[in-house]
> 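Encoded as structure tokens, here's the structure I'll be asking about.
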Amino acid sequence: MNEEQNMDGVMRKKKIAVFANGWGIEYLELVLEGIRRKAKLDEVDIFVFTTFILWDVGELQNKAQLNMYHLPKPEDYDGAIVLANTFNMPDEQERVCSLFERKGIPLVSTEVKVPGMAYVGTDNQKGMEELTEHLVTVHGVKDIVYVSGVENHPECALRKKTVEETLARHGLHIRDDIRGYFGFYDAERAVKRFFDAGNKVPQAFVCANDLMALGVVGVLHARGYRVPEDVIVTGYDDIHEAKASYPIIATVSRGWDKLGEYAYEELKNQVRSQDPSVEREYASRFIPSESCGCTPDPETVAYRMNKMRNTYVDQTRRDMQNIAMQKLRIAVAQTDTREEFHRVAAQEFEKNDFFGDDFCICTNPWFFDDDEENFPKRLRGYSETMDVLYEKRSGRSAPLRTFSTQDLYPGYKKEQGKTNVYIFAPLNNNEMIIGYLCVKNNLSIIYNLTFRRLQSELNSMFVSIRQYIYSQNINRQLREVYMTDFLTEMYNRTGCEKVLFSFIESEKRVGRSVALLFVDIDYMKVINDRFGHLNGDLAIKATAEAMRKALTEEWLFGRYGGDEFVAVGPCADEGIAEDIRNSIAGSISATIESLGLAFPLSVSVGLTIIHPKDGGDISEYVRMADESMYEEKEKAHELIMEKLAE
């Protein structure tokens with residue numbers, strides 16, 4: 001049995017967790033690929049939990065994203081690898097550590113030493129020392145401006161310290177330290193401010209990573225400075241973009257793919273015999289290149305040439321993907337149910353390759369149901385069950401369904417003989433926890449900004465859907481207020497015209513007859529004058545309640561004005577008029593008795609039957625029902641006067 005077939009049985013659960021922050025960086029892809037290569041030998045699945053927490057983003061947005069680290073159950077995993085150098089805030093590391101430490105699950109951190117975890121990393125000092133020594137001894141550099149990353153970041157601090165100590169051995173020091181926050185655009189802005197403040201150009205900008213070095217080079221070129229002829233620029237990390245640039249960036253390599261392999265092997269050691277005090281470091285190395293005035297290696301030059309050849313194709317693919325995502329966003333913008341979203345999204349996702357052949361979008365089950373006032377705004381946890389709002393499985397849309405959040409990926413089962421990689425990312429808008437996105441077996445998606453961009457688009461899309469649902473609810477409430485009589489909670493005159501009378505026309509169109517009632521309280525003025533307007537209001541409310549009880553649920557009711565009411569409903573029998581009158585009269589009597597009314601109450605009921613082929617309009621139908629009612633009223637008035645005279 002050869003090495004690739006040999007599994008030592010250490011990883012019994014066949015699952016490990018990896019925790020990271022940030023996408024669009026080569027580090028994640030290479031480290032995860034190294035982990036995957038080693039995990040494949042043991043047929044271990046890898047569950048990667050990622051966030052995109054930034055130092056300059058709102059606190060609620062960052063805190064809500066931390067819920068991603070609550071998603072896995074520690075006891076389901078053999079162990080976890082924490083890519084600690086990707087985290088910008090201590091809360092992130094503490095959240096991961098506390099969950100797994102309490103359960104006694106082995107942990108390994110990379111690049112940053114974290115209490116309670118074994119450590120695997122590269123020696124930041126070695127490569128940076130070689131770089132600084134090279135600048136001083138080979139290129140005669142004496143004037144250096146350092147471009148640093150996030151404040152108090154341990155790797156950044158160590159690299160700067162190494163530069164300072166190396167310069168000190170030559171009797172030199174850093175002239176200035178400007179903060180670029182590890183980002184291209186932040187470094188651009190920092191260098192612009194540096195020059196705008198009247199500072200002269202140094203002999204060299206030494207940057208804490210390659211992205212900042214690229215930003216610095218851009219500003220220098222825009223201001224007429226040549227790199228490296230006028231000023232040297234160096235980076236750190238040896239990323240693809242630095243290799244594809246003009247000039248190619250002189251940098252430090254940390255061997256990230258090997259780091260992933262080392263981290264996995266150390267995790268296995270920790271599973272065998274847990275010892276969080278273990279620390280293993282591997283040397284980094286300086287790679288001189290064009291931006292410091294040296295000749296790049298042929299392999300890097302070939303890589304840049306190939307990247308140039310594919311520039312148009314790559315950009316076109318990105319543009320087409322952006323267009324497709326906008327089409328999806330427009331298509332789902334006015335969906336207000338999970339079923340409608342799934343139907344529309346399936347059409348777009350099947351036509352476009354956003355995340356590969358296997359991915360799912362899972363949302364909390366109340367996302368489409370709650371109105372804005374009741375919508376949960378919490379900073380901790382996901383629901384016990386999740387809606388699989390959309391899933392593509394082997395390139396085909398899967399059915400809409402609900403699953404247990406403990407499963408993480410819908411329908412997850414360990415596939416014998418395979419190692420699958422699942423990448424999870426949160427979906428949220430500030431404290432609104434929407435759900436999460438999971439992509440299966442597509443590591444390359446996190447190398448560039450595609451994953452981040454698409455995740456951001458999904459967040460915006462779901463926020464738009466929530467806004468649409470909210471606006472629909474508000475409009476519905478406004479329509480109800482606009483068309484509802486506050487005393488009886490029946491439709492008012494406007495509601496009668498828009499709902500009840502529309503019902504008549506719609507029933508006629510489908511060939512069904514409709515009964516139209518016109519109900520009037522007998523001697524309403526006498527009740528108001530003799531018993532007061534409060535009792536008059538009580539008479540109106542009692543009549544409305546009696547009508548509802550007397551007729552079936554298919555009927556629609558409205559207060560037409562004052563003491564007049566209308567109702568419309570199905571009419572299958574021409575002889576129902578007298579039955580309806582008797583039913584309402586009986587209901588009125590029961591209401592009088594139940595409420596103990598101090599005054600006599602009766603109503604006159606007019607009724608007309610409207611057939612599908614009848615001509616005329618609504619006003620004609622109301623007139624006919626009104627005339628029928630007055631015929632009944634004349635009969636009733638004589639009886640009422642007799643009772644009032646007693």
> Which atom names give the shortest non-hydrogen contact between P115 and E101, and what distance separates them?
O-OE2, 3.6 Å
> Between the side chains of R401 and E391, is the shortest nitrogen-to-carboxylate-oxygen separation below 4.0 Å, so that they form an ion pair?
yes
> What pairs meet the salt bridge (Lys or Arg N to Asp or Glu O under 4.0 Å) rule with one or both residues in residues 300-313, with sequence neighbours excluded?
E290-R304
> Tell me whether R37 is salt-bridged to E261, with the criterion being a basic N under 4.0 Å from an acidic carboxylate O.
yes
> So, using ring-ring contact (aromatic ring centres under 6.0 Å, His included) as the criterion, who are the partners of Y264 when residues are at least two apart?
none
> Answer yes if the ring centres of Y422 and F49 are under 6.0 angstrom apart, and no otherwise.
no
> Taking distance alone, no hydrogens or angles, what donor-acceptor pairs closer than 3.5 Å link side-chain atoms of residues 322-331 to residues at least two apart or in another chain?
unit_1 : atom_1 : unit_2 : atom_2 : d
N322   : OD1    : R453   : NE     : 2.9
N322   : ND2    : R318   : O      : 3.3
Q326   : NE2    : E457   : OE2    : 3.3
R329   : NH1    : E457   : OE1    : 3.4

> Can you check side-chain hydrogen bond (donor to acceptor under 3.5 Å, both in side chains) on T402 and D387, steps first, answer last?
CA-CA 4 Å; T402 299; D387 285 337; 2.8 Å; yes
> Could you tell me whether E151 and K160 make a salt bridge, using a distance below 4.0 angstrom between a side-chain N and a carboxylate O?
no
> If the condition is side chain to side chain contact (heavy atoms under 4.5 Å, CB included), which residues does R343 pass it with, not counting sequence neighbours?
E340, Q347
> Would you call K268 and D42 a salt bridge, taking side-chain N to carboxylate O under 4.0 Å as the test?
yes
> What heavy-atom pair brings T251 and D237 nearest, and what distance separates the two atoms?
OG1-N, 3.2 Å
> Over 60° means perpendicular and under 30° means parallel, so tell me whether F19 and F100 are parallel, tilted or perpendicular.
perpendicular
> Under 4.0 Å between a Lys/Arg side-chain N and an Asp/Glu carboxylate O for K13 and D78?
no
> How close do K392 and F349 get, heavy atom to heavy atom, and via which atoms?
NZ-O, 2.7 Å
> Excluding sequence neighbours, so at least two apart, what forms ring-ring contact (aromatic ring centres under 6.0 Å, His included) with F184?
none
> Please tell me whether Y390 and F341 form a close aromatic pair, meaning their ring centres lie under 6.0 Å apart.
no
> For N441, what residues pass the side chain to side chain donor-acceptor pair (under 3.5 Å) criterion, not counting sequence neighbours?
N420
> Does T300 have any side chain to side chain donor-acceptor pair (under 3.5 Å) partners at least two apart in sequence or in another chain, and if so, which?
D297
> What residues, two or more places apart in sequence or in another chain, satisfy side chain to side chain contact (heavy atoms under 4.5 Å, CB included) together with E384?
none
> Assess whether a salt bridge exists between E279 and K113, defined as any Lys/Arg side-chain N lying under 4.0 Å from an Asp/Glu carboxylate O.
yes
> Residues in ring-ring contact (aromatic ring centres under 6.0 Å, His included) with F355, at least two apart?
F359
> Taking the six-membered ring for Trp, are F47 and Y412 closer than 6.0 Å centroid to centroid?
yes
> Which residues satisfy the side chain to side chain donor-acceptor pair (under 3.5 Å) test with E281, sequence neighbours excluded?
Y119
> Report the residues that fulfil ring-ring contact (aromatic ring centres under 6.0 Å, His included) with F403, sequence neighbours left out, ordered by chain and then residue number.
none
> Taking all non-hydrogen atoms of both residues into account, name the closest pair between A84 and V112 and its distance.
CB-CB, 3.8 Å
> Residues in side chain to side chain donor-acceptor pair (under 3.5 Å) with R280, at least two apart?
E266
